[in-house]
Each structure stands twice: as structure tokens, then as C-alpha cells.
**Q** 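Here it is, the structure in full.
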2 protein chains.
Amino acid sequence: MRRSNEARSGAMRAALMAAGREIFVSAGFAAATTPAIVAAAGVTRGALYHHFTDKTALFEAVIRAEAGAVAAAIDAATVAPADPLEALRTGGRAFLQAMKAPGRARLLLVEGPAVLGPAAMAAIDAATGAATLRAGLAEAMAQGLLRPLPPDATAQVLSAGYDRAALAIAGGADVDAWVTVMDALLEGLATRR
Amino acid sequence: MRRSNEARSGAMRAALMAAGREIFVSAGFAAATTPAIVAAAGVTRGALYHHFTDKTALFEAVIRAEAGAVAAAIDAATVAPADPLEALRTGGRAFLQAMKAPGRARLLLVEGPAVLGPAAMAAIDAATGAATLRAGLAEAMAQGLLRPLPPDATAQVLSAGYDRAALAIAGGADVDAWVTVMDALLEGLATRR
DNA sequence: ATAACATACATACAGAATGTATGTAAATAA
DNA sequence: TTATTTACATACATTCTGTATGTATGTTAT
């Protein structure tokens, strides 16, 4: 069985990331041991430390993949938005839907900020989805649909609300109540007619 | 020098919690080693493991103290509120003020949820401050000052916004922008007149 | 095609941290 | 005062992390 190095590396990285995701979710980053991870992948620690500088680097790769998946799901859901406000509501719902993936909320909202730091997580989010939210808000404000407010802080506060909703839903909470509240929040920020 | 066991234990627990807080803040829970903590307290690991079952138990004691301090600061600031809505705004500002204590935002909002879990942190918050916020919202809704919404989800979403604000401020952000946004959020949820 | 080299991965090792077990001194109880 | 519990220190066993080293497989050049 002869495989190119590129194919081998790609498959190995994917296998390590999948195993890492599994252990990180079930045990948390701190209790996720590298022996457990490589056992789940059916390899040795040599492979892990060949492809990733350390346990944190593997974790970061997993986080980036998760963040990318969420961003892709939101992008796919917000094609052809009627208006910026509707786009925000739709994007929010798509976010909550995407965050239902098992373990994803814990990875992106709890472990990630603790392990990589809030700043690094913000940078990852910015590279993926957060910029879209901020741009959507700014656009809605420019069109006079939303009250003029500091766009950065507004985007982050709304994002924090959606994050908390995602965590609650991951914990078994009812989706509808949270969608209701988030929609009310957005409507409250809309200009009066 | 003769001291009662109760006094000894109290002083030792306080010293360990102070040293733990210091190291947890500077290094994070994972990188905070028990040798470093007891060195900062000027004792040995024997004292630590006599008073706390493990490193996590010490951490939880520190977290509970921090949460209690925040709750006390909010309580002190919200004596004699004009109306429920004003109480919410005042409480929010007091929260942001209290969260300026160095390292507090990281402890309560980043490390705590990761180490103890979001559920345990919610329980700690509930025992301290979160119940007040929820009650304030419910009261404001009952008086017709706020739109009727699921009180739990609403309280958590607002709390998440204030949390994010506290983290941003801890990271050096300007307080005013965040107060503006949070006040706008509350005003948006108020009933129209 | 084969020698020379690089890449992929496994094995072996050194250091450090955690939690426990055990030992000693001080305080409380009998 | 003696007995017993409490407070703390020291010593130990286990386990994990990251690195160093070794081997096999793939790639490049002559």
C-alpha cells in the first residue's frame, strides 16, 4: 500500500483532529491526555507531536475547524436576505442551529476562551463569522433601520446573547424562548416607525 | 505564640485563597501549579491538601469569594431604587464597576466556567447575584415597564451582555460605549409610551 | 535504477506535577 | 496529665508533557 506523503499527512491530521475533538469534548481540554487522544486515533504520540507542536496546537486546529463550520452554516443560510434586519434574525437562527452540533458549544464558548484566551478566540471569530455580524449591524444602522450605536460593542453584546442561548440550548433548554428573546432584543434596537 | 485551631485554620485558608487567586489570575488555572501557590503563601503543599480536597476545590473557594464580592457591591449600589428599570441600569453599572477588580473578569467569566462548568457557575451566580437580576426583570415586566418575555432567558441574555462588557473593559475597552449599548438594550425592551 | 535526502511516525527518556500516605507538633478533650 | 484529634510537613507513587532519538517509507536527482 503506497500513499503519497501529502495524503498520509492529510489523513493523519484529520484523524488526530477527529480524535482530539472527541476527547476534548468528553473530558475537557485539561483532562484530555495525549495518550487518550492518540489511542482514539489508533496511533502513537509520535504522530501527534510530528504534526502539531503541542496539545494546545491540536486544540486550536480543532477550534478553527469548528468555527469555520459555524461560519459556513451561517453563510449558507443567509443567501439573499430581504433586508439587513431580516438577515440578522436569520443569521442568528442559523447560528443557534449550527451550534447544536454535539460538543460544539462547549468547545467554542467554554474551553476555547479558557485555553486560547478571549483575545485569540475573538481573532478566530473575526476571521470567520463575527465580522459579518458587525457589518450587518453597521449596514442596518446606515440604512436607519437600527438605532445608531457603537457597532463594535453592539455586535459583541448581541453575539454574547446568542452565545449564551447556544449554551443553554446545548444544556437542553427550549430553543423557542431564546429565539423570542433575541428577536425582541433586535426589535428593541430597531428604530421606531 | 498560642493560637486556637479555628483561628489557625481561618488564617491558613485565607492565605491559601489569596495566594491561589494571585497565581490563578497570573497563570490561569491549568498552569497554576500547587508548588507555586503554596510558595506564594509561604507554606507547603501539606497545608493546601489539608484544607482543600484538591486544586479545583481551592479554585472553587476563590470563585465563590469573588462572586460574593460582586454580589455585595451590587447590593450596596442598588439601595432605594426609584423604579425597577432604574434599578436594572444601576445594578448593571455597579456590576461593571465591581468587575474592574484585577483578574476578576478572567476568573469569573473565563476560567470559572471552563474549570467548574457553566452549570456549576450558574449555580454559584444564582446563589449570589443572578437571582436579583431575574427578580428585577420579572418585577419590571409585572409592572408593565418591560415587554413580557421569558424571564429566565431574558435575564441570562442581559447577563451575558454585561459579562461580555466586563471582559472587554478588563481588556482595556472604553466603559462608556458599553454602558450606552446596555442601556439601549434595556430601553429597547421597555414598553413604548 | 539507485544513491542521497526528507518526511512520517514510533520508541525511549527526562522533568515536573498531582494526589496520597505517613510522620510530627500543636491544640483540645477527658 | 494523658488521650485524641487537628494542623501541617515530608516522602512517595503515578501519570503526564515535551523532547530526543531511531527506523521505515516516500521523494528527488544523478
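Note that the structure is a prediction, hence the values are computed from the model and not measured. In what follows, chains are A, B, ... by sequence order, proteins preceding strands, each numbered from 1. Below, all heavy atoms of this structure are taken into account, side chains as well, without hydrogens, waters or symmetry copies.
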**Q** Checking the side chain of B/T191 only, and the main-chain atoms of B/L145 only, is there a donor and an acceptor separated by less than 3.5 Å?
**A** yes

**Q** Could you identify which residues of residues 30-59 of chain A place a heavy atom less than 4.0 Å from some atom of DNA chain D, listed by residue number, or say none?
**A**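 Those residues whose heavy atoms fall under 4.0 Å from DNA chain D, taken from residues 30-59 of chain A in numerical order, are A/A32, A/T33, A/T34, A/P35, A/R45, A/Y49, A/D54, A/K55.
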
**Q** Give a yes or no on whether a salt bridge exists between B/R93 and B/D183, defined as a side-chain N under 4.0 angstrom from a carboxylate O.
**A** yes

**Q** Kindly compute the distance separating CD (A/E139) from CD (A/Q143), expressed to the nearest 0.5 Å.
**A**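 Here the interatomic distance stands at 4.5 Å.
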
**Q** Grab the CZ-C1' distance between A/R8 and C/dC9 for me, whole Å please.
**A**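 Going from CZ in A/R8 over to C1' in C/dC9 covers 7 Å.
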
**Q** One thing to verify: whether B/E66 and B/R106 come together as a salt bridge, which I'm taking to mean a side-chain N less than 4.0 angstrom from a carboxylate O.
**A**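 Salt bridge between B/R106 and B/E66, a charged N being under 4.0 Å from a carboxylate O: no.
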
**Q** Could you pull out the protein-nucleic contacts involving nucleotides 28-30 of chain C (nitrogen or oxygen on both sides, under 3.5 Å)?
**A**
| residue | atom | partner | partner atom | Å |
| --- | --- | --- | --- | --- |
| C/dT28 | OP1 | B/N5 | N | 3.0 |

**Q** Does the pair B/D125/B/R64 count as a salt bridge with the N-to-O cut at 4.0 Å?
**A** no

**Q** Do side-chain atoms of A/R8 reach the backbone of A/R3 as a donor and acceptor pair under 3.5 angstrom?
**A** no

**Q** Between the side chain of A/K55 and the main-chain N/O of A/F29, is any donor-acceptor distance below 3.5 Å?
**A**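 Present.
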
**Q** Using a 3.5 Å distance criterion without hydrogens, assess whether the side chain of A/E86 forms a donor-acceptor pair with backbone atoms of A/P81.
**A** no

**Q** What verdict does the side chain to side chain contact (heavy atoms under 4.5 Å, CB included) test give for A/L185 and B/L185, after you've listed the backbone C-alpha separation in whole Å, the side-chain angles of each residue and the deciding distance to 0.1 Å?
**A** CA-CA 7 Å; A/L185 226 58; B/L185 225 59; 3.9 Å; yes

**Q** In Å and rounded to the nearest 0.5 Å, what is the CZ to CD distance from B/F24 to B/E111?
**A**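 It comes to 9.0 Å.
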
**Q** Let me test you: for the helix from C/dA1-D/dT30 to C/dA30-D/dT1, what is the angle between the axes at its two ends (five pairs each), rounded to 10 degrees?
**A**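 Roughly 10° between the end axes, to the nearest 10°.
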
